[in-house]
Student: 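If you scroll down you'll find the structure; I have some questions about it.
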Amino acid sequence: MAAPRYAGAKPGSWLPLALMLTIFCAKFAVGVMVGMQLPLAGTAAFASVVSLVYGLLGGMFLGRAVVIWRASQPTSHGANT
């Protein structure tokens, strides 16, 4: 018996893995910079860039979740939308 798959699943899709790896690497790099007490880590520009990167990566996950959710919804062929 085959395992059930969610709508939008792609066998062997590398995108979720790449997103998770990118998030891990970004958090690791930020942690190293803060842990080494680099002067750059205390600037507003650094905080802005880190926030932007985290926001973009989180947004990519959210966007993918919305696409998968929409694909799983039944379509209404007679609706006026």
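Reckoned from all heavy atoms, side chains included, excluding hydrogens, waters and symmetry mates.
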Student: Does one hydrophobic cluster hold both V30 and M36, with members joined at side-chain heavy-atom distances below 4.5 Å?
Tutor: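 In one cluster with V30: M36, yes.
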Student: Is it the case that atom CD in Q73 sees more than 12 heavy atoms from other parts of the structure closer than 6.0 Å?
Tutor: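 Yes, the 6.0 Å shell around CD holds more than 12 heavy atoms from other groups.
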Student: Please answer: with hydrophobic residues joined when any side-chain heavy atoms are less than 4.5 Å apart, are L56 and L21 in the same cluster?
Tutor: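 In one cluster: no.
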Student: Taking L15 as the starting point, is it possible to reach M20 by hopping between hydrophobic residues whose side chains are less than 4.5 Å apart?
Tutor: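 Yes: a chain of side-chain contacts under 4.5 Å links M20 to L15.
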Student: Supply the atom-to-atom distance L38 CG to T43 OG1, rounded to the nearest 0.5 angstrom.
Tutor: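 So the gap between those two atoms works out to 10.5 Å.
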Student: Could you tell me which non-hydrogen atom of A41 sits nearest to which non-hydrogen atom of M33, and how far apart they are?
Tutor: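 Heavy atoms of A41 and M33 come nearest at CB-O, 4.0 Å.
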Student: Can you measure from CG (L17) to OG1 (T22) and round to the nearest 0.5 angstrom?
Tutor: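 Spacing of CG (L17) from OG1 (T22) equals 9.0 Å.
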Student: Side chain to side chain contact (heavy atoms under 4.5 Å, CB included) for I23 and F61? Distances and angles first, verdict last.
Tutor: CA-CA 11 Å; I23 290 171; F61 264 120; 3.4 Å; yes
Student: Are M60 and F24 grouped together when hydrophobic residues (ILVMFWY) are joined by side-chain heavy atoms under 4.5 angstrom apart?
Tutor: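 M60 and F24: separate clusters.
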Student: Check the hydrophobic clustering (I, L, V, M, F, W, Y; side-chain heavy atoms under 4.5 Å; chains of links allowed) and say if L52 and L57 are grouped together.
Tutor: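 Per the 4.5 Å side-chain linkage, L52 and L57 are not co-clustered.
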